[in-house]
Amino acid sequence: MDSAEDPGAMVRRGYDAVSVRYDQAYEEADKYGDWLRELARRVPSGGAVLDLGCGSGVPARSLAAAGFRVTGADFSEVQIRRARERVPGAEFVHADITDPAFAPGPPGTFDAVVCLFALIHLPLAQQPPLLRRIAGWLRPGGWFLATTGQRAWTGVEEDWLGGGAPMWWSHADAATNRRWITEAGLTVVHEEFVPEGDSGHALFWARRD
């Protein structure tokens, strides 16, 4: 790892390197299936859904198959290329979702925003501003579905998934994430612990009033 490499560049390079390996490791386990099926019951038929940190399009594929109008955004060129190939019925944008200039639509565009295993790769200082923008992109009554850290931790794995590149994470604890989501203008409706390995993540369902 280049000690001068910033976290964003490390995450981008890491996902470019492990895009296929990541799907092989997690896709068959239907990692998102139950959550997305529940979201489909909560979002109006044909609604607009934004998938932030969309990866190779695994959640987007399920959402598009359910009849939603899906926009995905990710800053890994490899992930976006694969997502476009796998889900031609969705729109995918190569973008840094933390950039204040990133605007996937006018305020109130989306019936739901999904952000699964993406916030945990962003510097802590960038997460609350992004959550505020997410609240603005949602329509009144719209849903925010996200995974966050369960406990505070920042660190690097040097050879993530054997892909030959490092990966970087930065988590606040669940209570802090709950507060950030609430301060962004969303109401937390449900929270649960999602185990993974010897730790896990927090899953939040939140709604814009």
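Keep in mind that what you see is a predicted model, and the values were worked out from it rather than measured.
Side-chain contact between L186 and L131 is absent, with no heavy atoms from C-beta onward closer than 4.5 Å. Side-chain contact check for F144 versus C115: some heavy-atom pair is nearer than 4.5 Å. Between K31 and T147 the shortest side-chain heavy-atom distance does not fall below 4.5 Å. For the pair V11 and M167, the minimum side-chain heavy-atom distance is below 4.5 Å. Counting heavy atoms from C-beta outward, L161 and Q24 have side chains that stay 4.5 Å or more apart.
Shown here for L122 and L130, the closest heavy-atom pair between the two residues is CD1-CD2, 3.6 Å. Heavy atoms only, all atoms of each residue included: A135 and R208 are closest at O-CD, 3.5 Å. Summarising the geometry of G53 relative to A118, their closest heavy-atom pair is CA-CB, 4.0 Å, with the distance given to 0.1 Å. Contact record, D74 with Q79: OD1-CB, 4.2 Å, taken as the closest heavy-atom pair. When all heavy atoms of F110 and G105 are compared, the pair lying nearest together is CE1-N, 4.4 Å. When all heavy atoms of G149 and I120 are compared, the pair lying nearest together is N-CG2, 3.6 Å.
Between H171 and H201, the ring planes are tilted. Angles from 30° to 60° get that label.
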request  = Could you walk me through whether F117 and W169 pass the ring pair (Phe, Tyr, Trp, His ring centres under 6.0 Å) test, one step at a time?
outcome  = CA-CA 10 Å; F117 303 97; W169 293 267; over 10 Å; no
request  = Go through Q127 and N177 one step at a time and tell me if the side chain to side chain contact (heavy atoms under 4.5 Å, CB included) criterion holds.
outcome  = CA-CA 9 Å; Q127 295 182 32; N177 284 296; 3.9 Å; yes
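Taking the charged nitrogens against the carboxylate oxygens, D34 and R37 do have a contact shorter than 4.0 Å, which makes a salt bridge. Looking at R82 and E85, no side-chain N of the basic residue comes within less than 4.0 Å of a carboxylate O on the acidic one, giving no salt bridge.
Distance alone, capped at 3.5 Å, places no donor-acceptor pair between the S19 side chain and the Y15 backbone. A donor-acceptor pair is defined here as one N or O able to donate and one able to accept, closer than 3.5 Å; no such pair exists between the side chain of R86 and the backbone of G57.
One hydrophobic cluster, built from ILVMFWY side chains closer than 4.5 Å, holds both L124 and I134. By the rule that hydrophobic residues join a cluster once side-chain heavy atoms approach within less than 4.5 Å of another member, W168 and Y22 end up as members of one cluster. At a threshold of 4.5 Å between side-chain heavy atoms, the hydrophobic network of Ile, Leu, Val, Met, Phe, Trp and Tyr places M10 and L119 in two separate groups. Under the 4.5 Å side-chain heavy-atom criterion for Ile, Leu, Val, Met, Phe, Trp and Tyr, V114 and W137 are members of distinct hydrophobic clusters. Hydrophobic clustering (side-chain heavy atoms under 4.5 Å, transitive across Ile, Leu, Val, Met, Phe, Trp, Tyr) keeps L50 apart from W205.
Separation of atoms CG (D16) and CD1 (I80) is listed at 10.5 Å; rounding is to 0.5 Å. Going from atom OG1 of T187 over to atom CZ of R207 covers 9.5 Å, rounded to the nearest 0.5 Å. Rounded to the nearest 0.5 Å, atoms OG1 (T148) and CZ (F204) are 4.5 Å apart. Here the CG atom belonging to D99 is positioned 12.0 Å from the CZ atom belonging to F75, to the nearest 0.5 angstrom. The distance from the CG atom of L203 to the CD atom of Q150 is 10.5 Å, given to the nearest 0.5 Å. To the nearest 0.5 Å, atom CG of residue L145 and atom CG of residue L116 are 5.0 Å apart.
With a 6.0 Å cutoff to the six-membered ring centre and a 45° limit on the axis angle, R84 does not count as a cation-pi contact of F92.
Around atom CD of E77, no more than 12 heavy atoms belonging to other residues, nucleotides or ligands sit under 6.0 Å away. In the displayed structure, R179 atom CZ is contacted under 6.0 Å by more than 12 heavy atoms of other residues, nucleotides or ligands.
Checked options V43, L39, D111, D51; the residue passing with F68 is V43 (criterion: side-chain contact (heavy atoms from CB on, under 4.5 Å)).
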